[in-house]
Amino acid sequence: MAENTVNGLTEEKTAETDLQVLENILVVLKGIEVTITGLKEEITDMKSEIKDVKSESLLCRTNPDTCPTARRLAEHITHDNGRTGRTAGIMGCISGTGSFLFTLLTSLFGGK
């Protein structure tokens, strides 16, 4: 009796090969399912963290006493006597005036 063959394999061997391929596909799909489950958990955690950051930001804007950065800024403003800002402003005016005079004198007397 002649056996049916496909590409040199008997029907029985072809069925076994197909079964092995399907088993391998199932293993890969289970791995993908585990990965997707892990990603879903990470996304849920990120959403929770984003929600916490938004609520902290809102709380900081509505009540600055709860925000460390706002407290430090308020302390800085309270303890600032304006001397440093005034000094920097004066230096800026002197520098700007010097640059203007240099440019004016160069264009009037240093020209071609």
Side-chain angles (χ1 to χ4, degrees):
M1 205 170 35
E3 293 184 12
N4 293 331
T5 61
V6 176
N7 292 333
L9 297 174
T10 63
E11 285 182 11
E12 184 178 317
K13 290 289 184 182
T14 303
E16 287 177 15
T17 304
D18 290 346
L19 186 60
Q20 287 175 346
V21 169
L22 288 174
E23 287 174 356
N24 290 339
I25 291 172
L26 284 175
V27 168
V28 170
L29 289 175
K30 286 180 183 178
I32 291 172
E33 181 182 13
V34 169
T35 303
I36 290 174
T37 303
L39 288 174
K40 283 181 182 178
E41 291 173 2
E42 287 182 27
I43 290 171
T44 303
D45 292 344
M46 281 188 209
K47 283 182 179 179
S48 174
E49 289 178 20
I50 290 171
K51 186 178 179 182
D52 291 344
V53 168
K54 283 183 178 180
S55 64
E56 288 175 11
S57 175
L58 178 64
L59 184 61
C60 186
R61 281 184 270 142
T62 57
N63 186 5
D65 293 335
T66 61
C67 183
T69 305
R71 283 196 304 266
R72 284 194 300 271
L73 181 61
E75 289 173 9
H76 175 72
I77 291 171
T78 304
H79 298 298
D80 182 29
N81 57 12
R83 184 174 176 186
T84 305
R86 187 172 40 246
T87 303
I90 291 170
M91 290 173 54
C93 286
I94 291 171
S95 172
T97 303
S99 294
F100 170 74
L101 288 175
F102 177 77
T103 303
L104 181 67
L105 292 174
T106 304
S107 65
L108 290 177
F109 301 112
K112 298 175 186 174

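No experiment lies behind these values; they were computed from the predicted model shown. Numbers here are sequence positions counted from 1.
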Out of curiosity, [X] [atom1] to [Y] [atom2], how far, rounded to the nearest 0.5 Å?
| X | Y | atom1 | atom2 | answer |
| --- | --- | --- | --- | --- |
| Leu73 | Glu75 | CG | CD | 10.0 Å |
| Leu29 | Leu22 | CG | CG | 10.5 Å |
| Thr97 | Leu104 | OG1 | CG | 12.0 Å |

Can you name the residues that form a side chain to side chain contact (heavy atoms under 4.5 Å, CB included) with [X], not counting sequence neighbours?
| X | value |
| --- | --- |
| Ser99 | none |
| Leu58 | Arg61, Thr62 |
| Glu56 | none |

In residues 31-41, what donor-acceptor pairs under 3.5 Å come from side-chain atoms, sequence neighbours left out?
unit_1	atom_1	unit_2	atom_2	d
Thr35	OG1	Gly31	O	3.0
Thr37	OG1	Glu33	O	2.9

Rest of the hydrophobic cluster containing Ile94 (Ile/Leu/Val/Met/Phe/Trp/Tyr, side-chain heavy atoms under 4.5 Å)?
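Ile90, all in the cluster of Ile94.
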Taking the side chain as every heavy atom from C-beta outward, state whether Lys47 and Ile43 have any atom pair closer than 4.5 Å.
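Of all side-chain heavy-atom pairs linking Ile43 with Lys47, at least one is under 4.5 Å.
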Out of curiosity, does Leu59 fall in the hydrophobic cluster containing Ile50 (side-chain heavy atoms, cut-off under 4.5 Å, transitive links)?
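The answer is no; the residues belong to distinct hydrophobic clusters.
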Which residue pairs satisfy the disulfide bond (SG atoms under 2.5 Å apart) criterion with at least one member in residues 12-50, sequence neighbours excluded?
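Not a single pair qualifies under disulfide bond (SG atoms under 2.5 Å apart).
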Spell out, as yes or no, whether a donor-acceptor pair under 3.5 Å connects the side chain of Ser95 to the backbone of Met91.
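No; judged by distance alone, with no hydrogens or angles, the pair does not exist.
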